[in-house]
Amino acid sequence: MPAAVLTAIWAPELALQKEVLSLTLHNDRLLAGLVAIAVAWRFRATFVTIVSGLLALHFFDWLI
């Protein structure tokens, strides 16, 4: 159950832009979330996941 609750919190934050579903490459939050998910899967380290997600978010925000 905790995984379902956590997913219900972060999934809308990644997939929605201005209350509209946005699953495109122009969604910087979604791209940063995918980077963080990949890092979490590979390294299984919370701090590394958070830092990589934040860096990716700033990078994609600057890029897009």
Side-chain angles (χ1 to χ4, degrees):
M1 176 148 145
V5 172
L6 186 59
T7 302
I9 293 171
W10 64 260
E13 289 295 323
L14 298 182
L16 297 177
Q17 277 188 327
K18 299 178 185 173
E19 309 270 338
V20 177
L21 184 64
S22 176
L23 300 176
T24 66
L25 293 178
H26 297 290
N27 185 347
D28 53 343
R29 287 184 180 182
L30 180 61
L31 294 174
L34 293 174
V35 168
I37 289 168
V39 168
W41 178 70
R42 172 65 179 94
F43 296 106
R44 302 197 189 279
T46 304
F47 184 72
V48 176
T49 301
I50 292 170
V51 169
S52 67
L54 286 173
L55 289 174
L57 181 61
H58 288 293
F59 174 73
F60 290 127
D61 184 44
W62 171 77
L63 189 64
I64 297 176

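Residues take their numbers from the sequence shown, with the count starting at 1. Below, each value reflects all heavy atoms present in this structure, side chains not excepted, and no hydrogens, waters or symmetry copies. Every value quoted in this text rests on a predicted model; they were computed, and no experiment measured them.
Side-chain atoms of Trp10 and Ile37, non-hydrogen and from C-beta on, do get closer than 4.5 Å to each other. Taking the side chain as every heavy atom from C-beta outward, Phe60 and Val35 approach each other to under 4.5 Å.
To the nearest 0.5 Å, atom CZ of residue Arg42 and atom OG1 of residue Thr49 are 12.0 Å apart. Leu63 contributes atom CG, which lies 10.5 Å from atom NE2 of His26 (distance to the nearest 0.5 angstrom). Taking CG from Leu31 and OG1 from Thr24, the interatomic distance works out to 8.0 Å, rounded to the nearest 0.5 Å. Put simply, CG on Leu57 and CG on Leu30 are 11.5 Å apart, with the number rounded to the nearest 0.5 Å.
The local environment of CD1 in Ile64 is crowded, with over 12 non-hydrogen atoms from other residues, nucleotides or ligands closer than 6.0 Å.
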Take Gln17 and Arg29, measure what side chain to side chain contact (heavy atoms under 4.5 Å, CB included) needs, and give me the verdict at the end.
CA-CA 9 Å; Gln17 277 188 327; Arg29 287 184 180 182; over 6 Å; no

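Taking both residues in full, the closest heavy atoms of Gly53 and Ala32 are given as O-CB, 3.8 Å, listed atom of the first, atom of the second, then distance. When every heavy atom of Ser22 is checked against every heavy atom of Asn27, the shortest pair comes out as O-ND2, 2.8 Å.
Taking Ile, Leu, Val, Met, Phe, Trp and Tyr as members and joining any whose side-chain heavy atoms lie under 4.5 Å apart, directly or through other members, the hydrophobic cluster of Val51 also contains Phe47, Leu55. Clustering of Ile, Leu, Val, Met, Phe, Trp and Tyr side chains at separations under 4.5 Å places Leu54 together with Ile50.
By the criterion of side-chain heavy atoms lying less than 4.5 angstrom apart, applied directly or through intervening Ile, Leu, Val, Met, Phe, Trp or Tyr residues, Leu6 is grouped together with Leu14 in one hydrophobic cluster.
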